[in-house]
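First comes the structure, then the notes that go with it.
Both ligands and their constituent atoms are indexed starting at 1 by order of listing. Quick caveat, the model's predicted, so the values are computed rather than measured.
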Amino acid sequence: MTQLKRWFAGLIRVFNLVTFSPSSGDRELQQLPLQPSAVQPLIVRPDAGPIFRPPNSSGTFKCNYTQEVGWESCYSAQNRSCWLRGPDGKEFNVHTNYEMLAPKGTLRQYELYVNEKVLHPDGFKMLHGKVFNDAYPGPWIEACWGDEIEIKVTNLLKSNGTTIHWHGIRQNGTLDMDGVNGVTQCPIATDDSFTYKFKATQYGTSWYHSHYSLQYADGMLGPMTIYGPSSTEYDEAKEPILMTDWSHRSAFQDFYLEMGGKNGPPKMTSALMNGRGSYSCDNEEIKAGNCTAPPAKYSTSFKKGKRYLLRLINTSVDSTWIFSIDNHVLQVVGADFVPIEPYTKNHVLVGIGQRYHVIVEATHPLPVDNYWIRMTVADGCSGFGSHANGTRKIPDDRLGILRYDESSNADPNTKSNVFGRACKDEDYENLKPVLKWKVGKPSNEQEYNTFGVGFSDKSPRAPWGNISRWELGKKPLWLDFANPTILNIGKHKQWDKDEKLEDLVVIAETNADTPESWIYLLITATKFPFSGTPSRFNPSAHPLHLHGHDFAILKQSSTPYWDGLVDMTFDNPPRRDVALLPKGGYLIIAFRADNPGSWLLHCHIAWHASSGLAMQIMERERDIMKTITPERKTETDRICKGWNEWLAKNKHFEQDDSGI
Ligand SMILES: *[C@@H]1O[C@H](CO)[C@@H](O)[C@H](O)[C@H]1NC(C)=O
Ligand SMILES: *[C@@H]1O[C@H](CO)[C@@H](O)[C@H](O)[C@H]1NC(C)=O
Ligand SMILES: *[C@@H]1O[C@H](CO)[C@@H](O)[C@H](O)[C@H]1NC(C)=O
Ligand SMILES: *[C@@H]1O[C@H](CO)[C@@H](O)[C@H](O)[C@H]1NC(C)=O
Ligand SMILES: *[C@@H]1O[C@H](CO)[C@@H](O)[C@H](O)[C@H]1NC(C)=O
Ligand SMILES: *[C@@H]1O[C@H](CO)[C@@H](O)[C@H](O)[C@H]1NC(C)=O
Ligand SMILES: *[C@@H]1O[C@H](CO)[C@@H](O)[C@H](O)[C@H]1NC(C)=O
Ligand SMILES: *[C@@H]1O[C@H](CO)[C@@H](O)[C@H](O)[C@H]1NC(C)=O
Ligand SMILES: *[C@@H]1O[C@H](CO)[C@@H](O)[C@H](O)[C@H]1NC(C)=O
Ligand SMILES: [Cu+2]
């Protein structure tokens, strides 16, 4: 427990501008002063003011809404749906249309630096770790709904550039802060810094990660929480739980295996819960000096009768996990950044990049004090190696421990809950957003907005030549780090018709200017009757992530798409920022064209994204530059200049993947 707290709370270099005083010495660990009300374990009226501590934030973290004069917190353990109440009785609550409105929070400034580090999260030495602030996973970034966030990122990696993406953050009018090299900026060169500035208009749990090639698979990721209301009451919140697969080689080495094709895709070796796993070394590995004792398992403790909020994040490279706690029931209350009507299950399937907020009631169901917390691999959705006899080397799913007796250190002997292991998203009918959307008619044409997922060898690229690559739409993505889309806004008349650019941008442009104009996209993993069919379809499931928007899922089908006769849901369909394209099926998503930008849509399986399974969606191109201030444009140009200088000095540099 204490160790975990240390990596979450201790490692971040945080300072809050508003309380910074130049004479106070250590800028880095400056924190908000503790108010008398903050010692209250829970925020209950009448202690609520404009400054309050959200439950189980780290250290002395507090929300600060003094800019909303006369407003007070109305958030309490008895009612977590309310957040702030104004003098006239107005509220910011779980029903507020957060796409349009956010409270005025405070400015939060953080610093991240990126470094190389030897890691052994599962007891095996991994030489090529790439981490934030010397920690894996990276520090926990916290903010409150409506805060202005500024994060200065410094790149200390010797042989790579970097850019950081804040997964799921809409970047409403801040395309240049989305952190996608080759699209929204050039990579930050070695020893250079870039400050990401954006507003937290949504709330919930997410993660941040590098978007430079395969860096995140080597360790560059961390949790991010934006405090706000919840659809359901709970007593205490737990720290985020990151679930990932892990490889003992650098993803940059592994990727060559995938492209080389001889041995199939790279094999992952371990599963980690909050950066801890256990790998059993064989004698050769021990002899080679590659093994250390695995770290203690992740554990957390409950008190009987209380209700706990768990924040689950799937940061995998190639595996979908089923999260469960033996003999306990999970109440799902949020999917990605979207609060939903609660529903109850004994397990939750979390696809790559997806997040769930779940509430667990501490019922202490058996006369034992310890229960396994499991991360079970979904069937057909993982990339682990095989034994000589052909069975998969699936890691032990007992990765964490729930204790009712904190002083105990015994291993549990509980049995797993019973559930199916099929690889699919949570049931479509279950995901009912609290803030309802009614999806309007599409303002774009289906024919030009139907994209196939498959293999292509149409556009050879060094060093891969004619090897098949994954594609989404016309061609496998291959970005130019030094010439990102953001430098080309308005310069090309026909992005999608230009031979040179056609693998760069797919237009999903609407002619309407009103934010109520909807864009529909149909993404299929099988044949369809329009142009742009990939060379070869390949049936497998892909977690697709869209930047810049939450999207509505109008249809998610595991049977092939054949014609236009599809019954879609328009009245409050599930909504999120990552959805699984079912194996051999199709997905129809819709979003409002209310955020001008060039937004990436990509598979979150790292190998597939690197191979090219991605495209850009150019949204209201003519409005993009209006959202970017001259100061921000100057920074964009400065970072590109730095990258070009770095390239000139590092002649050996060779781009070997799509760039993302
Ligand atoms: C959450 O807060 C409660 C009450 O302050 C405290 O007892 C508990 O240890 C905290 N849990 C974590 C994970 O920090
Ligand atoms: C909780 O707060 C919301 C928003 O202020 C209000 O509509 C609702 O009635 C409250 N619920 C309870 C049980 O007090
Ligand atoms: C998002 O941007 C639009 C256009 O600038 C604005 O009207 C809207 O209020 C913004 N949303 C939030 C939550 O700030
Ligand atoms: C709260 O924020 C305001 C403005 O954002 C700032 O002036 C004030 O010092 C902050 N208060 C604390 C206690 O941080
Ligand atoms: C990134 O750095 C790794 C070494 O850590 C190197 O193998 C790889 O080629 C570099 N790739 C790029 C695109 O910079
Ligand atoms: C030990 O680690 C080194 C460096 O990662 C690697 O080259 C070697 O193959 C490993 N040996 C064994 C037996 O695992
Ligand atoms: C993470 O997502 C991947 C890909 O969808 C999936 O295979 C894996 O099971 C997920 N992990 C968890 C813990 O849900
Ligand atoms: C295959 O081999 C592994 C490792 O030797 C063993 O654990 C497993 O039980 C074997 N499976 C079958 C079906 O024989
Ligand atoms: C790649 O394939 C195309 C068409 O099959 C062929 O014209 C071209 O010469 C090949 N290029 C290489 C480098 O093999
Ligand atoms: Cu994929």
Proximity of L101 to ligand 3 by residue part, where a heavy atom lies under 4.0 Å: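 Under 4.0 Å from ligand 3, L101 contributes backbone atoms alone.
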Short N-O contact, R170 and E99, less than 4.0 angstrom: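 Looking at E99 together with R170, the answer is yes, because their closest N to O distance falls below 4.0 Å.
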Ion pair E116/K130, N-O distance below 4.0 Å: no
Six-ring centre of F551, R576 cation under 6.0 angstrom, axis tolerance 45°: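 Verdict for F551: no cation-pi partner in R576.
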Ligand-side contact atoms (ligand 3) for residue partner Y98, heavy atom cut-off under 4.0 Å: 13 (C)
Close-contact set for ligand 3 against T201 heavy atoms, below 4.0 Å: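 Counting from 1, the qualifying ligand atoms are 12 (C), 13 (C), 14 (O).
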Short list, please: which atoms of ligand 6 are under 4.0 Å from a heavy atom of [X]?
X    : answer
N290 : 1 (C), 2 (O), 3 (C), 8 (C), 10 (C), 11 (N), 12 (C), 14 (O)
E284 : 13 (C)
F124 : 14 (O)

N or O contact, E99 vs ligand 3, cut-off under 3.5 Å: yes
M100-ligand 3 polar pair, N/O distance under 3.5 Å: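 Yes.
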Are [X] and [Y] near enough that their ring centres are under 6.0 Å apart?
X    : Y    : value
Y136 : W246 : yes
W207 : H604 : yes
F132 : Y208 : yes
Y98  : W145 : no

Test item: T627 and R620 side chains (from C-beta on) under 4.5 Å apart, heavy atoms: no
Test item, K130 contacting ligand 5 (heavy atom, 4.0 angstrom): yes
Residue-ligand contact S213/ligand 5, heavy atom below 4.0 Å: no
Protein contact for atom 5 (O) of ligand 3 (heavy atom, distance under 4.0 Å): no
Sub-4.0 Å protein heavy atom next to atom 14 (O) of ligand 6: yes
Rounded distance (nearest 0.5 Å) linking atom CG of D178 with atom CD of Q171: 5.5 Å
For atom 2 (O) of ligand 3, closest protein heavy-atom neighbour: N172 ND2, 2.4 Å
For F653, atoms of ligand 5 separated by under 4.0 Å from a heavy atom: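 Once the distances to F653 are compared, the set is 12 (C), 13 (C), 14 (O).
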